[in-house]
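Worksheet for the structure shown next.
Both backbone and side-chain heavy atoms feed into the values below; hydrogens, waters and symmetry mates do not. To find a chain, count down the sequence lines: A is the first, B the second, and so on, and within it residues start at 1. This is a predicted model, so every value here is computed, not measured.
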2 protein chains.
Amino acid sequence: MQDGNALAVRPDAGLDEDRASGSREKGLNRVLQILEFLHTTQRAIGIGDLAKAVNAPRSTTYTLVRSLVDAGLLEMAGDGNRVYFGKKLYLYGMDYVRGNDLLRRGRQEVDNLSRETGETSELCMLQSGRYTIVHSSPGTRPFRISSATGLQIPLPWTASGRLLLAGFERAVIEDMVSEDDLVLPDGRRLLLDDFIEDIAVAGGVGYCVTSGLVDAYTKCLAAPVFSAPGKVEATICLVVPIDTSGEKTDDLIAMLRERAARLSITG
Amino acid sequence: MQDGNALAVRPDAGLDEDRASGSREKGLNRVLQILEFLHTTQRAIGIGDLAKAVNAPRSTTYTLVRSLVDAGLLEMAGDGNRVYFGKKLYLYGMDYVRGNDLLRRGRQEVDNLSRETGETSELCMLQSGRYTIVHSSPGTRPFRISSATGLQIPLPWTASGRLLLAGFERAVIEDMVSEDDLVLPDGRRLLLDDFIEDIAVAGGVGYCVTSGLVDAYTKCLAAPVFSAPGKVEATICLVVPIDTSGEKTDDLIAMLRERAARLSITG
DNA sequence: AGTATCTGTCTTGTATAGAGTACATGCGTC
DNA sequence: GACGCATGTACTCTATACAAGACAGATACT
């Protein structure tokens with residue numbers, strides 16, 4: 001069926017589906033871009049600016065925003081003519097939590113962990129092929145080691161990333177991880193093979209520790225939460241100072257693994 | 001399927017913009033319907049059934065769902081070929097909470113109230129013209145008087161409804177409230193004029209009590225939260241047994257009003 | 001007053017997204 | 001193994017949603 005029956009030579013068929021975000025984009029896609037943009041900027045924005053930001057025509061943006069505001073997914077922010085997320089999204093989000101035992105219990109457990117250990121603790125998941133901090137609890141240290149909830153970070157930068165990818169085919173991993181993802185914030189470059197090796201090791205031993213990857217002062221301890229035997233659904237992790245003693249680290253890892261096991265669904 | 005495909009005389013073009021959800025609906029609208037449907041059913045559903053439920057063509061539904069799943073707004077639910085809300089919606093919802101002081105503090109206050117009083121407590125807001133329970137905390141009574149978060153109830157059935165509409169024009173109120181909304185669950189019928197009178201009174205005294213409206217066994221105490229002088233942004237309310245003594249009721253109202261005032265933005 | 005740059009609404013043409021339909025596959029049940 | 005009834009994908013046609021641009025009002029600075 002694929003064979004081009006006639007014309008339609010698609011002169012531009014080169015780039016797969018990256019679409020230069022050019023003309024005549026589908027309305028739904030524009031909306032998805034808008035939501036994603038608001039998520040990354042974390043602030044209300046004027047409609048005109050929004051149009052520029054997502055590279056959409058102004059007129060289109062006005063009609064889409066109007067629809068979304070009417071539906072309650074967006075709200076006009078207090079001061080004037082800016083928009084941000086609306087109550088409906090909060091309600092839908094609560095529905096998600098209610099329907100999702102793991103998230104509900106995971107949040108709880110992460111809050112407990114950070115209270116008991118005093119360290120920053122996080123619940124992490126894969127979110128359409130990206131590493132995502134789903135919930136994070138700050139810890140009590142004077143210097144804060146915190147990352148915003150919903151932040152997306154390249155998989156190779158994290159201990160959790162190594163656990164979340166356990167059990168995936170090499171090919172799948174390869175196209176989840178871009179070249180850029182392998183370059184650490186300090187400019188060092190990981191080798192894909194090393195990363196894949198890490199994943200295998202992490203999957204084998206059932207935990208993972210990384211030191212000084214995202215920044216030079218912290219290490220990250222992570223343990224996997226299973227939704228079925230062999231299937232890593234999430235991780236919980238602790239972010240601790242890089243000079244934490246080996247002994248203390250071991251204790252924390254043991255604790256983490258115990259909690260993670262408790263969260264797992266033991267098929 | 002529906003009617004004669006022939007000339008399509010648009011026999012349904014009567015109703016203003018209610019659109020009989022007929023043919024060639026905009027993709028975004030279909031998506032909004034899908035989300036709303038999932039919110040009301042609170043469970044995962046197969047794509048075929050979803051198509052029927054929102055009265056959309058199957059092929060269209062498949063493509064829309066695929067987009068939404070790719071974007072992470074929906075997820076394929078564990079067991080097989082069903083969809084429900086996805087992580088992205090949770091993240092967006094958390095963004096909303098973060099950007100919204102009132103909601104954050106209001107949740108807290110409602111949780112406190114129900115712990116301290118032992119009664120069911122709720123935070124309520126207008127949500128695109130409908131009364132919505134935004135957050136609810138169960139209370140400790142053996143018989144539970146609880147309504148799910150996100151539930152939408154006709155405005156005239158509630159004490160909060162009377163407060164939330166304070167300050168609106170009569171005309172605005174009239175078209176927020178449908179005929180059906182004036183019929184209580186037990187079949188009794190309110191008069192629109194009485195309701196509007198109630199609103200004026202509630203706005204004047206700064207609280208509202210209704211007895212036996214939603215059911216015969218409870219009364220509802222509510223106090224307004226202001227986002228600006230005169231502008232009611234939300235209410236907090238307590239649901240108590242209808243035979244609660246006058247004295248105790250008065251105490252609870254005083255407490256409620258104090259908390260509500262604390263939540264208000266004193267312009 | 002004059003110019004510049006916003007915002008929000010409206011109209012018009014056409015590229016295209018959605019509807020319809022067909023088909024392949026899977027899974028029951030008789 | 002023939003039938004009914006699901007799911008998921010692929011195709012073609014056309015009604016229409018999107019883009020472009022004009023417009024009126026606001027605000028601001030010269």
Side-chain angles (χ1 to χ4, degrees), chain A residues 1-13 17-34 44-71 74-84, chain B residues 1-13 17 19-35 44-71 74-84:
Chain A
M1 313 327 171
Q2 242 63 330
D3 65 291
N5 48 5
L7 21 143
V9 192
R10 284 303 217 99
D12 58 315
E17 25 75 291
D18 211 30
R19 325 205 84 243
S21 184
S23 56
R24 213 125 238 271
E25 188 55 88
K26 219 182 342 193
L28 176 53
N29 288 346
R30 301 236 113 115
V31 166
L32 295 176
Q33 284 180 49
I34 288 173
I45 185 177
I47 301 180
D49 294 336
L50 182 59
K52 284 199 204 93
V54 300
N55 193 22
R58 230 163 48 85
S59 60
T60 304
T61 309
Y62 269 97
T63 51
L64 293 178
V65 166
R66 185 204 292 267
S67 287
L68 294 173
V69 169
D70 288 349
L74 300 185
E75 279 173 22
M76 306 308 292
D79 54 326
N81 60 334
R82 307 159 96 85
V83 285
Y84 195 54
Chain B
M1 43 196 318
Q2 271 20 353
D3 46 46
N5 51 5
L7 345 154
V9 193
R10 285 304 218 99
D12 59 312
E17 28 77 287
R19 321 207 90 241
S21 188
S23 57
R24 209 130 241 266
E25 189 54 89
K26 223 185 329 198
L28 175 53
N29 288 346
R30 301 234 111 115
V31 166
L32 296 176
Q33 285 180 48
I34 288 172
L35 296 177
I45 185 176
I47 301 180
D49 294 336
L50 183 59
K52 283 199 205 91
V54 300
N55 192 20
R58 231 163 48 84
S59 59
T60 304
T61 308
Y62 269 97
T63 49
L64 292 178
V65 167
R66 185 204 294 266
S67 287
L68 294 173
V69 169
D70 287 348
L74 299 185
E75 279 174 21
M76 305 308 293
D79 55 325
N81 60 333
R82 306 160 96 86
V83 284
Y84 194 55

Original post:
Nearest nucleotide by nearest heavy atom, which residue falls closer to the 5' end of DNA chain C, B:Thr63 or A:Gly48?
Top reply: A:Gly48
Could you state the [atom1]-[atom2] distance from [X] to [N], rounded to the nearest angstrom?
X       : N      : atom1 : atom2 : result
B:Arg82 : D:dT7  : CZ    : P     : 10 Å
A:Asn81 : C:dT9  : CG    : C1'   : 15 Å
A:Leu28 : C:dA17 : CG    : C1'   : 11 Å
A:Tyr62 : D:dA19 : OH    : P     : 16 Å
A:Arg30 : D:dA19 : CZ    : C1'   : 9 Å
A:Glu25 : C:dG18 : CD    : C1'   : 15 Å
A:Asn29 : D:dC18 : CG    : P     : 10 Å
A:Leu64 : D:dT16 : CG    : C1'   : 15 Å

Subject >> Contact summary for B:Ala56 and B:Thr61, nearest pair of heavy atoms >> reply: CB-OG1, 3.6 Å
Subject >> Heavy-atom closest pair, residues B:Gln33 and B:Val54 >> reply: OE1-O, 3.2 Å
**OP:** Looking only at side-chain atoms of B:Ser59, point me to the closest of C:dG8, C:dG20, D:dT9.
**Re:** C:dG20
Subject >> Separation of A:Leu74 CG from A:Ile45 CD1 (nearest 0.5 Å) >> reply: 11.5 Å
Original post:
Going by modelled atom types, is there a donor-acceptor pair between the base of C:dA15 and the side chain of A:Arg24 at under 3.5 Å?
Top reply: yes
Original post:
Do the side chain of B:Arg58 and the base of C:dG20 come within less than 3.5 angstrom through a donor-acceptor pair of N or O atoms?
Top reply: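 Under the 3.5 Å cut-off, the side chain and the base do not form any donor-acceptor pair.
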Original post:
Hey, which of these two, B:Ile47 or A:Gly27, hits DNA chain D nearer its 5' end, going by closest nucleotide?
Top reply: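 Taking each residue's closest nucleotide, the earlier one in sequence belongs to B:Ile47.
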Subject >> B:Arg30 side chain to B:Asn55 backbone, donor-acceptor under 3.5 Å >> reply: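 Indeed, once roles are kept as given, a pair shorter than 3.5 Å links the two residues.
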